[in-house]
There are 2 protein chains.
Amino acid sequence: MATRVWNDQTGPARYVAPDPDFWDPKLSDAARRLLGSAVLCFARNGFYGTRTRDISAGAKLSAGSLYTMFDSKEAVFFEITRSGHIDTLACLNADPGDGTPTERLQRLVSIYVEWHARYHTVGRACQHDLAVLTEEHFAEIVELRHQIEAIFRNVVEEGAKDNTFDAADIDGVLRAIHSLSIDVTRWYGLDGTESPQSIAALYSKFALRIATPPPSS
Amino acid sequence: MATRVWNDQTGPARYVAPDPDFWDPKLSDAARRLLGSAVLCFARNGFYGTRTRDISAGAKLSAGSLYTMFDSKEAVFFEITRSGHIDTLACLNADPGDGTPTERLQRLVSIYVEWHARYHTVGRACQHDLAVLTEEHFAEIVELRHQIEAIFRNVVEEGAKDNTFDAADIDGVLRAIHSLSIDVTRWYGLDGTESPQSIAALYSKFALRIATPPPSS
DNA sequence: GTCTATAAGTTGATAGAC
DNA sequence: GTCTATCAACTTATAGAC
């Protein structure tokens with residue numbers, strides 16, 4: 001029934017919440033259980049399709065308990081997007097940053113793609129409905145995204161300087177690699193046999209092909 | 001403020017409805033105005049974030065008028081997704097299908113990417129929230145997607161047979177090209193200077209690089 | 001800290017006038 | 001064919017008991 005490239009499928013089995021220690025350690029156990037439930041709801045049905053009662057029920061709490069830990073539904077959503085972007089950035093920053101542009105780009109894409117496969121549920125929850133955030137919260141996410149973008153831009157520009165990479169389309173190359181990576185959250189599901197690592201290996205190969213002009217042209 | 005690779009931005013200017021004749025000609029003028037309004041709403045806020053009153057108001061109709069033309073909000077959403085997939089398929093099928101696998105893949109990706117840039121608002125409305133469709137409607141969309149997928153698979157498999165393309169990762173290549181193409185609906189906006197045609201040219205080049213193994217390996 | 005009950009407002013959809 | 005008025009159900013968030 002499901003197409004291979006779209007991975008069309010419904011049902012709850014596709015999504016999986018991260019371990020509780022994925023979330024801010026300053027939060028209580030109950031608050032982190034709530035975030036685990038919320039991330040499943042948001043990934044499945046988006047912000048507007050999720051009711052606060054669904055979130056509470058998934059964490060085995062009553063309807064009103066959510067509001068003792070978070071100010072609003074938007075605050076729950078923001079905490080998820082914030083945590084997701086901060087964790088992504090931390091994983092990318094853990095890279096030593098040495099070696100040739102080719103080696104560095106492969107490592108960065110591998111980290112980035114593995115993150116989006118492993119945390120595809122978080123990524124999916126973060127990707128859509130960012131417009132519901134307050135102006136201040138939105139600005140905070142955009143700032144984190146700038147930092148993530150700069151890491152990739154830095155490597156691609158360096159590779160373009162020494163003619164390893166396509167210097168004519170730096171923005172296009174960056175956008176394409178980025179599209180490939182984050183779109184993993186759309187199609188990656190539990191029923192696939194592929195591990196996050198194998199997807200990461202394949203996609204870092206593809207990213208290199210995109211960035212590297214063929215010898216003829 | 002907006003990142004280049006994410007193209008983060010809010011506001012209504014980003015989205016644009018297709019011409020009325022994009023929709024099923026069997027529908028009345030008012031019904032097609034309604035679809036034009038609905039596609040803007042769904043692209044911006046998703047299915048659950050859109051109220052039937054918003055759709056009606058955008059078409060300069062009263063709240064109840066929607067229900068004289070469509071049975072439900074889901075029926076409006078289905079008509080949009082159906083039209084979007086049918087038009088995409090028709091554009092791909094208009095390709096003559098001759099030439100080498102390289103030439104054919106470039107043409108197909110060009111058509112597909114140009115569609116997703118030109119109709120990025122429709123594509124965005126179609127991409128998310130497909131889970132809200134009834135079982136029958138969902139199955140109809142999945143069938144259309146199978147046909148779209150088969151067109152690309154056909155070319156990539158033929159190219160793999162004559163060693164033009166990477167025979168080891170056909171599914172991966174198809175998925176990557178597909179990700180690149182449909183993700184255009186996420187980032188493509190009116191403020192960019194790039195035309196649908198220039199994006200299509202760049203991305204068909206990238207698709208070829210993904211499908212073609214470098215001479216060394 | 002978690003619960004139940006409820007307030008205040010919103011939503012999809014329908015009925016009937018013009 | 002489009003409008004206004006309205007229903008019944010639902011939703012976020014709060015109040016106050018335990």
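Each chain gets a letter, A, B and so on, in the order its sequence line appears, and its residues count up from 1. Worth saying up front: this structure is predicted, and the values here are computed from it rather than measured.
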Quickly work out the [X] [atom1] to [N] [atom2] distance and round it to whole Å.
X     : N      : atom1 : atom2 : answer
A:D71 : D:dT14 : CG    : P     : 8 Å
A:L61 : C:dT2  : CG    : C1'   : 8 Å
B:L34 : D:dC3  : CG    : P     : 11 Å
B:D54 : C:dA13 : CG    : P     : 14 Å
B:D29 : D:dT2  : CG    : C1'   : 15 Å
A:F70 : C:dG1  : CZ    : P     : 13 Å
B:F77 : C:dG12 : CZ    : P     : 14 Å
B:R53 : C:dT11 : CZ    : C1'   : 6 Å

Selected nucleotide, minimal atom distance to A:A30 side chain, candidates C:dG12, D:dT2, C:dT2: C:dT2

Aromatic ring proximity, centroids under 6.0 angstrom, A:F47 and B:Y48: no

Donor + acceptor pair across side chains of [X], [Y] (<3.5 Å):
X      : Y      : answer
B:S65  : B:S62  : yes
A:N45  : A:T50  : no
B:Y188 : B:R124 : no
A:D8   : A:W187 : no

Any base atoms under 4.0 Å from [X], or only sugar-phosphate, or nothing? Heavy atoms, all strands.
X     : value
B:L66 : nothing
B:S72 : sugar-phosphate
B:S56 : nothing

[N], OP1 or OP2 - any side-chain N/O from [X] closer than 4.0 Å?
X     : N      : value
A:S62 : C:dC3  : yes
B:T52 : C:dG12 : yes
A:Y67 : D:dT14 : no

